[in-house]
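Notes follow the structure.
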Amino acid sequence: MGVLAPRNWLSTDSPSGTDLLVAALALLVVVQNLLLPSSLAWLWAAVGFVAFAVAMGPVAASSFGERVGSWFRGIGVEGRLLAIVAVAAAVWLVTEVVEGVFTPLHSLGTGGLLAVVVFVALRTVYARIAG
């Protein structure tokens with residue numbers, strides 16, 4: 001079963017404080033976005049959820065995912081912050097320039113953030129059961 005087996009991508013270590021903080025902030029954004037359902041396209045939210053879940057689980061456990069993770073950790077905190085800001089700025093720019101992409105991108109992001117919350121919750125439960 002390789003990288004698809006949850007034991008290969010769910011750590012027996014409990015999530016760090018940073019992981020829990022990110023999940024809490026993501027949950028706040030998801031709840032806020034769910035309170036404004038007129039700006040969500042549920043199909044795009046589902047696509048975002050699945051894409052992020054696959055990327056954080058099986059893909060991250062693959063050799064490609066490990067290389068990307070190693071590179072991302074290797075660029076340091078400042079580099080990671082710069083990369084995140086650059087992606088956020090690019091998304092913002094696209095939503096300002098290209099007509100009609102706000103709802104799909106907003107929905108993809110909401111689904112992705114929900115996947116982060118679920119993934120951290122799963123890691124917490126798995127660490128307690130397996131550890």
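Val47 is not connected to Val118 by any chain of hydrophobic side-chain contacts under 4.5 Å among Ile, Leu, Val, Met, Phe, Trp and Tyr, and they are in different clusters. Following chains of ILVMFWY side-chain contacts shorter than 4.5 Å, one can reach Val98 starting from Trp44, so the two form part of one hydrophobic cluster.
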Quiz prompt | side chain to side chain contact (heavy atoms under 4.5 Å, CB included) assessment of Phe52 paired with Leu113 | solution = CA-CA 8 Å; Phe52 272 62; Leu113 290 175; 5.9 Å; no
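The two residues Ala53 and Pro58 come nearest to each other via the heavy atoms O-CD, 4.0 Å. Between Arg73 and Arg80, the shortest heavy-atom contact is O-NH1, 3.1 Å. Taking all atoms of both residues into account, the shortest heavy-atom contact from Asp19 to Arg123 is OD2-NH1, 3.0 Å. When all heavy atoms are compared, the tightest approach of Met56 to Phe119 is O-CZ, 3.4 Å. Closest approach of Ala23 to Val117, counting heavy atoms only: O-CG2, 3.4 Å. Contact detail for Pro15 and Val120: the closest heavy-atom pair is CG-O, 3.8 Å.
Rounded to the nearest 0.5 angstrom, Leu43 CG and Leu108 CG are separated by 9.0 Å. Taking CD1 of Ile129 as the start and OG1 of Thr124 as the end, the distance is 11.0 Å to the nearest 0.5 Å.
Side-chain atoms of Val22 and Val116, non-hydrogen and from C-beta on, do get closer than 4.5 Å to each other. At least one side-chain heavy atom of Leu105 sits under 4.5 Å from a side-chain heavy atom of Val94. Using a 4.5 Å heavy-atom threshold, the side chains of Leu40 and Thr110 count as touching. In this structure, Leu114 and Leu27 have side chains that are not in contact, with every pair of non-hydrogen atoms separated by 4.5 Å or more.
With Ser107 contributing its side chain and Ala45 its backbone, the two residues share no donor-acceptor pair below 3.5 Å. No donor-acceptor pair under 3.5 Å is formed between the side chain of Ser70 and the backbone N or O of Arg67.
No more than 12 heavy-atom neighbours from other residues, nucleotides or ligands sit within 6.0 angstrom of CZ on Phe64. Counting non-hydrogen atoms of other residues, nucleotides and ligands closer than 6.0 Å to CD of Glu96 gives a total above 12.
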